[in-house]
*Asks:* 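The structure's right below; bear with me while I get my questions together.
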There are 2 protein chains.
Amino acid sequence: MKTRYFDHVATNPLLPAALDAMMPYLKEEFGNPLSVYDLGLRAKNAIEDARDMVASLINAKSAEIIFTASGAEANNMAIKGVATAKQGEGKHIIISKVEHHSVLNTARSLEKAGFAVTYLPVDKYGFFDLDALKKSISKETILISLIHASSEIGTIEPIKEAVAIAKERNITIHTDAVASTGNIPIDVKDLGVDMLSMSAHQFYGPKGAGALYLRQGQRLVPLIYGGIQENGRRAGTENVPAIVGMGKAAEVAKAELQQRNAHTGRLRDRIINALKDVEKVHLTGHPTQRLLHHASFVVEYIEGEGMLLMLQAKGIYAASGSACTSKALKASPTLTAINVSPTMAHGSIVFSLGIDNADEDIELLLEEFPQIIKRLRDISPFRKGWGEEEGGSKHV
Amino acid sequence: MKTRYFDHVATNPLLPAALDAMMPYLKEEFGNPLSVYDLGLRAKNAIEDARDMVASLINAKSAEIIFTASGAEANNMAIKGVATAKQGEGKHIIISKVEHHSVLNTARSLEKAGFAVTYLPVDKYGFFDLDALKKSISKETILISLIHASSEIGTIEPIKEAVAIAKERNITIHTDAVASTGNIPIDVKDLGVDMLSMSAHQFYGPKGAGALYLRQGQRLVPLIYGGIQENGRRAGTENVPAIVGMGKAAEVAKAELQQRNAHTGRLRDRIINALKDVEKVHLTGHPTQRLLHHASFVVEYIEGEGMLLMLQAKGIYAASGSACTSKALKASPTLTAINVSPTMAHGSIVFSLGIDNADEDIELLLEEFPQIIKRLRDISPFRKGWGEEEGGSKHV
């Protein structure tokens with residue numbers, strides 16, 4: 001059976017051009033970049049070329065890119081690194097209620113270490129409450145970390161406005177741009193952030209490669225100590241093939257961004273326009289100020305896992321922010337933050353699009369999905385249970 | 001020119017069987033292991049198969065293996081993870097003076113955070129002073145972290161004896177076994193350690209994959225917070241291809257260990273036996289209780305970098321623990337700890353052997369290297385400078 005992959009926020013297939021670029025470094029060019037002989041120097045040069053390409057994708061200087069093994073590592077490094085470096089100046093941090101777990105749980109670990117954390121509320125679209133941001137800043141505030149775009153609801157946040165507020169008070173600001181970097185245009189100079197996290201596999205690069213943009217002059221304590229790799233800011237033998245693949249993927253993403261966005265944006269709009277007419281299916285996140293490859297919904301009366309498994313039976317892969325599928329046994333904090341009830345959050349579904357999706361994929365989805373909803377509702381215990389009590393309101 | 005690679009402690013070529021195992025996960029099997037559909041489940045299963053293979057290599061249970069991106073990450077995770085988890089019980093840590101930078105610099109970061117660190121001395125072979133270990137333990141001691149085998153001097157340490165001392169006092173003990181795992185037999189149950197760090201590229205696995213063995217029941221705070229990967233102990237989308245490659249490399253290492261050791265041990269002894277007769281060339285580390293693929297020396301009157309570059313001109317790749325080549329501008333702490341003078345430490349050279357080395361490689365090395373030593377000494381400013389003051393004594 002031909003499969004249709006609509007889960008590009010979970011991960012992406014590796015771009016063939018990126019794999020081609022990696023292959024020599026998985027074979028004969030295996031040198032350690034710290035070695036002084038030519039085999040090592042070629043590996044070192046390959047990393048520096050990749051650094052240039054990643055920097056160029058976000059309009060940073062090459063020296064401002066620190067390679068990591070994942071977006072999660074970049075987020076941990078940014079938040080713990082600044083918290084440790086600046087704890088003498090204050091112990092208050094601000095994040096939002098719609099952060100990824102790698103930001104949320106890092107902030108919680110800092111709470112255990114004696115930091116105070118403010119969890120900024122959002123509106124029904126997921127937009128930060130910027131007034132609340134202003135009010136929550138105190139003399140103790142040393143760091144603000146806010147997501148750039150949510151992989152769960154797609155909303156692109158007003159980071160520039162948040163940066164203006166942070167800079168007025170001279171507070172370091174980080175953004176988790178893992179879901180957005182390589183998928184929409186990002187210019188760190190224009191955004192004005194001090195730090196930005198990204199992940200290669202979100203833009204068709206390899207797994208095992210991420211990066212932190214660290215503005216020149218910004219202090220940071222390392223997360224991983226050891227050798228002098230990454231200018232002493234992140235130790236461990238460099239994953240040369242993955243870094244090279246990330247560089248190539250960044251280069252291609254920059255060149256093809258407009259064309260990719262036109263393609264996925266059109267497919268996204270087909271999904272949103274068709275599903276908004278299905279009874280008791282609600283778009284989550286903002287209708288237009290959202291990632292171009294992202295269409296997310298809550299479907300009343302049924303559960304995410306059931307939808308995913310029935311879609312899979314038709315060769316369609318998608319994601320859910322629901323409790324079962326995240327395996328965390330709790331309602332998604334992001335959906336809770338935008339005021340989706342815990343019951344309705346069970347029916348979360350996310351279709352995220354990619355360069356490998358064609359119009360016929362969308363047609364199949366739009367033919368199958370409403371039937372799946374109907375079949376699941378026919379057997380749903382929620383239909384005449386919790387659903388009757390809580391459902392029905394177009395509350396998102 | 002045919003090249004001869006004698007720098008297997010820096011990194012190794014990737015085993016073709018490991019690359020073959022990785023290829024599907026670099027191509028069509030690109031799923032996220034957290035996804036509920038079949039593409040994700042196959043990735044998840046591949047990780048669990050790899051976990052079994054890595055566990056089997058060191059006689060651990062699969063649930064005791066936490067995948068990381070590097071040995072450095074595993075070392076940081078172990079030391080900071082236990083220090084944070086147990087700081088309520090005491091704030092004293094013991095490491096040795098011959099640790100890798102990823103242990104040494106992590107310990108130093110804990111000193112800045114208010115921990116006391118004892119740096120255990122070693123004898124001229126690099127063996128821990130076990131009496132000093134006993135004496136340095138106090139009621140405040142919560143963690144002992146000692147290297148299993150040094151990549152700089154090759155010495156295999158008496159870890160079992162150190163474990164016995166630690167266990168008598170009920171203190172958690174970690175070993176950095178990055179240089180040894182996959183290269184000599186390791187049985188964590190026999191060693192008795194609570195934690196052990198390893199790195200895939202040290203045994204012909206891919207870069208970007210490491211692991212921490214964490215004995216069941218041992219408490220640890222995560223280094224990287226976020227999602228529920230690795231049972232909530234290490235967040236970030238799994239680097240599936242690298243993990244799969246690590247598993248395959250572990251499986252092959254286990255099967256071929258004896259044969260590999262017989263081969264590299266014989267080549268190592270050829271090097272040691274020939275070079276010990278060269279004037280003012282001294283073996284570092286223990287003559288026999290050492291890694292089978294490891295031959296290390298200090299060469300009086302000349303510098304490591306000069307040797308490496310002249311060796312490279314003959315197609316021979318080796319390493320040096322000297323200041324220039326480590327780019328750290330300081331004498332190697334390991335060589336200092338075994339009482340090599342800073343001047344003589346400049347002349348450090350390490351030949352580390354692998355499955356790709358043949359007898360003819362050794363013959364070339366043994367023909368070229370003494371000539372290189374002679375030529376460099378002829379032009380050495382040290383010969384009639386510092387060297388005269390400090391050199392000459394067979395002090396190692």
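Below, all heavy atoms of this structure are taken into account, side chains as well, without hydrogens, waters or symmetry copies. Sequence lines set the chain letters: A, B, ... in the order given, protein chains first and strands last, and positions in each chain run from 1. No experiment lies behind these values; they were computed from the predicted model shown.
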*Asks:* Looking only at heavy atoms and a cut-off of under 4.5 Å, which of B/T84, B/V103, B/I79, B/D38 has the most pairs with chain A?
*Replies:* B/D38
*Asks:* For A/K112, which atoms come within 4.5 Å of any heavy atom of chain B: side chain, backbone, both, or neither?
*Replies:* neither
*Asks:* Can you say whether A/A318 sits under 4.5 Å from chain B via the side chain, the backbone, both, or neither, judging by heavy atoms?
*Replies:* backbone
*Asks:* Under 4.5 Å heavy-atom distance to chain B, tell me which part of A/E238 shows up: side chain, backbone, both or neither.
*Replies:* backbone
*Asks:* Can you say whether A/L39 sits under 4.5 Å from chain B via the side chain, the backbone, both, or neither, judging by heavy atoms?
*Replies:* both
*Asks:* Heavy-atom distance under 4.5 Å to chain B: side chain of A/S70, backbone, both or neither?
*Replies:* side chain
*Asks:* Taking atom types as modelled, find out whether A/E99 and A/S145 have a side-chain donor-acceptor pair closer than 3.5 angstrom.
*Replies:* no
*Asks:* Under a 4.5 Å heavy-atom cut-off, does chain B meet the side chain of A/Y5, its backbone, both or neither?
*Replies:* side chain
*Asks:* Among B/N75, B/T3, B/N239, B/I243, which residue has the highest count of heavy-atom pairs closer than 4.5 Å to chain A?
*Replies:* B/N239
*Asks:* Would you say the side chains of A/S197 and A/D176 form a donor-acceptor pair under 3.5 Å?
*Replies:* no
*Asks:* Measuring from atom CD of A/E29 to atom CE of A/M22, what distance do you get when rounded to the nearest 0.5 angstrom?
*Replies:* 14.5 Å
*Asks:* Does either side chain, that of B/S352 or that of B/H8, offer a donor lying less than 3.5 Å from an acceptor on the other one?
*Replies:* no
*Asks:* Please look at A/N76 and chain B and tell me whether the side chain, the backbone, both or neither of the residue comes under 4.5 angstrom of a heavy atom of that chain.
*Replies:* side chain
*Asks:* Taking side chain as everything from C-beta outward and backbone as N, CA, C, O, which of these in A/P206 sits under 4.5 Å from a heavy atom of chain B? Side chain, backbone, both or neither.
*Replies:* neither
*Asks:* Side chain, backbone, both or neither: which part of A/A242 has a heavy atom under 4.5 Å from chain B?
*Replies:* neither
*Asks:* Any side-chain to backbone donor/acceptor pair from A/E73 onto B/G236? Under 3.5 Å, distance only.
*Replies:* no
*Asks:* Need one label for A/L104: side chain, backbone, both or neither, based on atoms under 4.5 Å from any heavy atom in chain B.
*Replies:* neither
*Asks:* Which bit of A/M77 is near chain B, if near means a heavy-atom gap under 4.5 Å: side chain, backbone, both or neither?
*Replies:* neither
*Asks:* Identify which of B/V221, B/L311, B/L223, B/L19 forms the greatest number of heavy-atom pairs closer than 4.5 Å to chain A.
*Replies:* B/L223
*Asks:* What part of A/P222 gets within 4.5 angstrom of chain B, counting heavy atoms only: side chain, backbone, both, or neither?
*Replies:* backbone
*Asks:* Is any side-chain heavy atom of A/H174 closer than 4.5 Å to a side-chain heavy atom of A/V82?
*Replies:* no
*Asks:* Let me know if A/R108 has heavy atoms under 4.5 Å from chain B in its side chain, its backbone, both or neither.
*Replies:* neither
